[in-house]
Amino acid sequence: MGNKIEIKEEKMNNMKNPIKLAYHSINELINNAITAATQQGLIKKCEHKEFTIEIGKDAKNGDFAVNFALTNAKVYGLPPRALAEIILQNIDLTDTYFEKVEIAGPGFMNFYTSKSWLNFIINTIYTSGENYGKTETNNRRVMVEFISANPTGPMHMGNARGGAIGDCLAEILKWSGDTVTREFYINDAGNQIERFYKSLKARYYEIYAPNTIEFPEDGYHGDDIMVLAQKFADKYGDKYINGDEEEFKKLIIESSLNDNIEKIQKDLEYYRITFDVWFYESMLYEDGELDDTINGLKAAGCTYEKDGALWYRTTDENAEKDEVLIRANGIPTYFAADIAYHRNKFLKRNFDKVINVWGADHHGHIARLKGALSSLGIDSDKLDIVVMQLVRLISDGKPIKMSKRTGKAISLIDLLDETSVDAARYFFNMRSSDSHFDFDLDLAVEKSSENPVYYVQYAYARICSIFRMIEEDGVNISDLSAINSFNYNEPDEAALIKLLSTFPDEIIKSAKAYDPSRITRYAYNVANSFHKFYNTCKVNCEDESTRNSRYYLCLATKTVLFNTLSLLKISAPEIM
RNA sequence: GCGUUUGUAGCUCAGCUGGAUAGAGCGUUCCCCUCCUAAGGGAAAGGCCCCCGGUUCGAAUCCGGGCAAGCGCACCA
């Protein structure tokens with residue numbers, strides 16, 4: 001599997017990821033023990049089955065629990081505990097970070113790390129600094145497309161959740177080694193733009209020629225349309241009342257759309273989201289990609305005409321009926337444009353992986369989009385959709401739809417005004433995307449330990465406070481070269497250090513599962529573990545060695561909290 | 001009706017590539033500052049892991065069948 005250089009690189013990579021290093025080491029120890037036992041004729045040579053190494057949930061079960069003997073009992077024809085016994089007799093822990101292995105329960109082998117393991121972790125975090133947590137696990141060109149809010153109006157709660165999830169997911173993938181493009185798809189073409197225009201036109205006529213045009217039934221009723229029409233009127237006056245319709249249409253759509261898009265960009269910037277690419281749907285029409293796509297589908301033989309429309313013959317056996325690609329009126333459907341858009345992602349831009357964050361209300365769209373891509377010869381497994389369930393806002397324990405302040409449906413920016421960017425970004429990533437999430441508005445503004453985001457930030461501020469105190473006292477802290485004299489004897493110290501060691505692995509797991517909520521949970525656990533440590537272990541104490549040890553543990557904790565918060569793009573306040 | 005997500009402590013949720021006594025937070029009851037931010041920590045109480053079957057040494061976890069809730073099933077996006 002790979003040459004020397006790769007192995008060397010992998011070892012360097014492992015250095016930044018203590019858990020992976022430990023796994024690697026345990027794997028090697030077991031393989032060596034098996035080889036030794038085979039040579040002694042204790043067991044027959046066998047191809048063993050896969051086994052897992054778990055981080056011990058309970059301290060008394062060791063630091064790493066290995067189920068090798070359980071999964072391989074049958075393979076070697078021995079009871080699990082007997083097999084474990086043979087392995088243990090042949091295991092050599094000299095020069096490792098492990099001090100003992102025990103057999104427990106039905107046949108687990110529990111590995112216990114030594115004190116030097118704790119020092120190793122502290123050293124790793126210190127030397128990695130703001131890069132601690134970053135690995136080269138993945139190496140793909142990945143696009144994360146998220147929000148993609150309709151530019152005909154302001155962003156809503158679904159966009160708020162999708163924004164937080166998508167942005168953090170993109171960051172997690174980046175930390176795990178991928179090259180990531182964040183993309184926003186602007187639906188600036190098709191049917192809803194027609195509706196947008198009709199609504200604008202009606203509002204424009206209301207200004208200069210009331211009651212001449214009826215407001216369209218399927219129009220956009222929001223006040224924002226009136227504001228846009230007024231703005232247009234301010235600039236052009238009544239020039240276009242019964243004027244050049246074509247010119248009017250082009251101008252009013254263009255200026256209104258631009259205004260909306262600018263507003264969206266500004267709001268998202270405030271929400272700390274920066275997109276690499278703003279992709280305009282209209283480009284697909286202009287560049288002929290939509291036509292190419294339709295032709296491709298025709299060539300693949302999966303289209304037919306009926307009732308004046310062009311249909312896509314679905315390959316999804318669950319679908320009740322086929323889908324329209326081009327309406328009888330000649331306007332392509334959203335579905336057609338979406339196929340062309342995804343064709344562009346893969347065939348034109350060659351992404352290895354495309355991840356879309358979609359609301360649950362779009363769920364039914366997945367199978368047919370993937371089916372259509374397959375029809376075009378694109379490997380649809382390269383497309384993953386993160387489906388997030390819809391959000392409910394809760395205030396006073398009851399669901400609310402309208403903002404108390406504006407009396408209208410709550411937009412992204414209303415939410416950020418009523419709570420904070422930090423709280424929103426944290427809260428939307430507290431639960432996995434497939435859970436039905438209730439956003440507690442009262443809790444999000446709470447400045448107490450009940451509010452998890454404050455709880456985490458407070459841990460960070462507390463560390464900064466300790467450092468300020470040490471500095472004020474003029475206490476001497478040795479440099480890291482004294483690390484071999486560090487001694488962590490308190491259980492709360494060891495627990496915290498071991499938790500810090502799992503950070504890079506936590507990111508890898510989050511990336512694999514597309515689950516940013518693991519990171520907020522991790523942040524919370526680190527804060528909790530630190531507060532425990534704080535209560536039992538005084539940092540600025542008399543004993544020099546203890547003080548140094550604890551100082552560097554605080555520094556490591558500070559680094560991990562900082563990295564976690566910066567990954568989530570949540571502020572890390574030094575004073576609260 | 002079909003598809004899909006969810007169902008775990010009073011409430012909000014972890015755990016779900018099968019493993020050792022099912023975990024957190026909030027709420028409830030009690031305890032802890034002569035000492036770095038008590039904006040913190042500790043302890044107790046609290047569970048037919050929705051129900052019924054199956055797979056196996058072993059199921060909250062996997063499979064099948066139910067039940068309940070959210071979402072979707074347009075020539076809307």
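Not measured: the values here are computed from a predicted model. In what follows, every heavy atom counts, from backbone to side chain, and hydrogens, waters and symmetry copies are set aside. Numbers restart at 1 for each chain; the letters A, B, ... are given by sequence-line order, proteins then strands.
Residues satisfying the salt bridge (charged side-chain N to carboxylate O under 4.0 Å, His left out) criterion with A/Lys558, sequence neighbours excluded, are absent altogether. Every residue two or more places apart in sequence or in another chain that forms a side-chain contact (heavy atoms from CB on, under 4.5 Å) with A/Ser545 is listed here: A/Asp543, A/Ser549. Residues satisfying the side-chain contact (heavy atoms from CB on, under 4.5 Å) criterion with A/Asn528, sequence neighbours excluded, are A/Tyr455, A/Lys532. Residues meeting the salt bridge (charged side-chain N to carboxylate O under 4.0 Å, His left out) test with A/Arg462, sequence neighbours left out: none. For A/Arg392, the salt bridge (charged side-chain N to carboxylate O under 4.0 Å, His left out) partners two or more places apart in sequence, or in a different chain, are A/Asp438. Contacts of A/Ser199 classified as side-chain contact (heavy atoms from CB on, under 4.5 Å), with partners at least two apart in sequence or in another chain: A/Phe215, A/Pro216, A/Tyr220, A/Ile225. Looking at residues two or more places apart in sequence or on another chain, you find a side-chain contact (heavy atoms from CB on, under 4.5 Å) between A/Thr559 and A/Ile125, A/Asn563.
Of all the residues in residues 468-478 of chain A, A/Met469 reach under 4.0 Å from RNA chain B with at least one non-hydrogen atom. Near RNA chain B, meaning a heavy atom under 4.0 Å from it, residues 330-338 of chain A has A/Tyr334 in order of number.
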Protein and nucleotides 33-35 of chain B: nitrogen or oxygen contacts under 3.5 angstrom:
residue, atom, partner, partner atom, Å
B/C35, O2', A/Lys538, NZ, 2.7

Could you list all N or O pairs between the protein and nucleotides 42-47 of chain B that sit under 3.5 Å apart?
residue, atom, partner, partner atom, Å
B/G42, OP1, A/Lys532, NZ, 3.3

| field | Sequence-aligned protein contact record of nucleotides 10-17 of chain B, with B where the base is within under 4.0 Å of a protein heavy atom and S where only the sugar-phosphate is | value | --SSS---

